Q: 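Mind looking over this structure? Questions follow.
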Amino acid sequence: DTRDPTSLRTPIVAVLGHVDHGKTSLLDKVRGSAVIEGEAGAITQHIGATAVPLDIVSSIAGDLVNPEDFDLPGLLFIDTPGHHSFTTLRSRGGALADIAILVVDVNDGFQPQTLEALDILRRSETPFIVAANKIDTVPGWNENEDSPINATYESQSDRVQGRLDEQLYEIIGNLSDEGFSADLYWRVQNFQRNVGVVPVSAMTGEGVPDLLAVMMGLSQRYMKEEMEIDVAGPGVGTVLEVKEEKGFGKTVDIVLYDGTIKADDQIVVGGQNEPIVTDVRALLQPRPLAEIRTESRFEKVDEVGAAAGIKVAAPDLEDAMAGAPVRVVRDRDLEHVVHEVEAE
Ligand code: GTP
Ligand code: MG
């Protein structure tokens with residue numbers, strides 16, 4: 001394949017699921033930091049974005065992800081809150097996603113926000129896999145830190161294996177009740193037709209290599225065409241949050257899903273009354289593997305390409321709205337771009 005890999009953008013992966021089922025812990029495990037420590041009441045109240053480059057995906061997934069086999073640049077994870085009052089944030093995460101991970105606690109099984117997340121995925125026709133989390137809590141579990149699932153499964157007693165199987169088949173049954181044909185991921189041939197279930201532990205990292213491998217494989221196999229974008233084109237994104245930032249005034253945290261945004265671009269942002277036309281003052285990027293939500297020291301950058309989470313500082317953002325579109329004007333007709341933002 002001689003195609004320029006920079007013409008493929010990073011797939012956006014939404015992590016959805018019921019409260020406390022382990023969404024943030026799973027991302028924590030992946031990025032090896034402890035965002036969870038800084039969370040108010042351990043409840044995620046805002047969507048965060050975490051970029052994981054392919055080389056890191058590969059170093060975690062080991063033999064399961066050979067970087068030579070992929071030309072997608074990595075994965076951009078969007079964490080969402082599971083608490084019942086945050087439906088809007090979940091929908092926003094779901095709407096942005098190319099692909100999703102539905103996290104289900106193996107002990108707790110399907111819960112109200114599991115079903116709500118399934119509805120969001122169904123409506124947006126987002127392909128997803130299920131992470132059957134907390135497998136380490138099966139009584140008698142023998143931990144094998146960061147091991148792929150087959151190796152750790154083989155090291156469990158018959159009783160533990162039997163118990164886990166029961167829990168997994170319960171989840172597969174629940175998915176079937178909701179109209180999704182599902183199976184353990186290694187039995188799934190066509191991930192477009194069947195939902196793959198990946199047993200994991202966010203605590204011990206067991207199954208996490210499999211989860212990343214499946215996400216990379218799925219993206220590469222089925223999403224590649226959608227990932228082919230005009231890399232140098234004017235950026236398009238969605239506002240996740242409007243936030244006061246020391247020294248910058250009101251800023252917007254956006255997820256850019258197409259094109260680029262530059263530090264001297266004119267942009268149009270959806271506002272409470274009318275679209276806001278403004279000039280970027282600074283693009284503030286969290287370091288790779290850092291969490292935009294808790295990262296306080298940002299690096300000023302000249303340009304960012306999709307997909308990425310980026311903080312944009314600009315004048316007149318007081319009326320900007322979470323969930324609103326953002327579009328870069330560049331050499332396009334301003335009126336036209338304003339109409340596009342109004343129409344979204
Ligand atoms: P919300 O953001 O509030 O919806 O929750 P969440 O889905 O992000 O859950 P979170 O990651 O905050 O985890 C909830 C609790 O479950 C924490 O106490 C975690 O330590 C625990 N937990 C998460 N994953 C695992 C796991 O794989 N094994 C065990 N034993 N505990 C886990
Ligand atoms: Mg969380």
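Just so you know, ligand 1 is whichever comes first in the structure, and atom 1 is the first atom listed for that ligand. Just so it is clear, the values below take in all heavy atoms, side chains as well, and ignore hydrogens, waters and symmetry mates. Remember, it's a predicted structure, so these values are computed and weren't measured experimentally.
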Q: I'd like to know whether CG of Asp69 has more than 12 heavy-atom contacts from other residues, nucleotides or ligands below 6.0 angstrom.
A: yes
Q: Are side-chain N/O atoms of Ser155 and Asn142 paired as donor and acceptor at under 3.5 Å?
A: yes
Q: For the pair Arg9 and Glu226, find out whether any cationic side-chain nitrogen is under 4.0 Å from an anionic carboxylate oxygen.
A: no
Q: Out of the candidates Lys311, Glu244, Arg281, only one should pair with Thr251 under the side chain to side chain donor-acceptor pair (under 3.5 Å) rule; please name it.
A: Lys311
Q: With no hydrogens and no angle check, do the side chains of Gln156 and Thr152 hold a donor and an acceptor under 3.5 Å apart?
A: yes
Q: Would you check the N or O atoms of Thr24, main chain and side chain alike, for any that come under 3.5 Å of an N or O of ligand 1?
A: yes
Q: Is Gly22 close to ligand 1, meaning an N/O of one under 3.5 Å from an N/O of the other?
A: yes
Q: Using a 3.5 Å cut-off on N or O atoms only, is Ala202 in polar contact with ligand 1?
A: yes
Q: Under 3.5 Å, which donor-acceptor pairs link side chains of residues 190-205 to any protein atom two or more places apart or in another chain?
A:
residue : atom : partner : partner atom : Å
Asn190  : OD1  : Gln192  : N            : 2.8
Asn190  : OD1  : Arg193  : N            : 3.2
Asn194  : OD1  : Ser181  : OG           : 2.4
Ser201  : OG   : Asp136  : OD1          : 2.8
Ser201  : OG   : Met203  : N            : 3.1
Ser201  : OG   : Thr204  : N            : 3.0
Ser201  : OG   : Thr204  : OG1          : 3.1
Thr204  : OG1  : Glu206  : N            : 3.2
Thr204  : OG1  : Glu206  : OE1          : 2.4

Q: List every atom of ligand 1 that sits less than 4.0 Å from any heavy atom of Thr137, numbering the atoms from 1 in the order shown and giving each element.
A: 30 (N)
Q: Flag Leu26 as yes when one of its N or O atoms lies below 3.5 Å from any N or O atom of ligand 1, and as no otherwise.
A: no
Q: Give the atoms of ligand 1, by number and element, whose distance to some non-hydrogen atom of Met203 is under 4.0 Å.
A: 26 (C), 27 (O), 28 (N), 29 (C), 30 (N), 31 (N)
Q: Give a yes or no on whether Ser25 keeps an N, O or S atom under 2.8 Å from the Mg ion (ligand 2).
A: no
Q: Between Thr80 and ligand 1, does any nitrogen or oxygen pair lie at a separation below 3.5 Å?
A: no
Q: Are His18 and His21 close enough that their ring centres sit under 6.0 Å apart?
A: yes
Q: Enumerate the atoms of ligand 1 whose separation from the nearest heavy atom of Asp136 is less than 4.0 angstrom.
A: 26 (C), 27 (O), 28 (N), 29 (C), 30 (N)
Q: Should one rank His21, Gln113, Lys134, Glu206 by closest heavy-atom distance to atom 16 (O) of ligand 1, which comes out on top?
A: Lys134
Q: Say whether Asp20, considering both its backbone and side-chain N or O atoms, lies within less than 3.5 Å of an N or O atom on ligand 1.
A: yes
Q: Is it the case that over 12 heavy atoms from other parts of the model lie below 6.0 angstrom from the CZ atom of Arg332?
A: yes
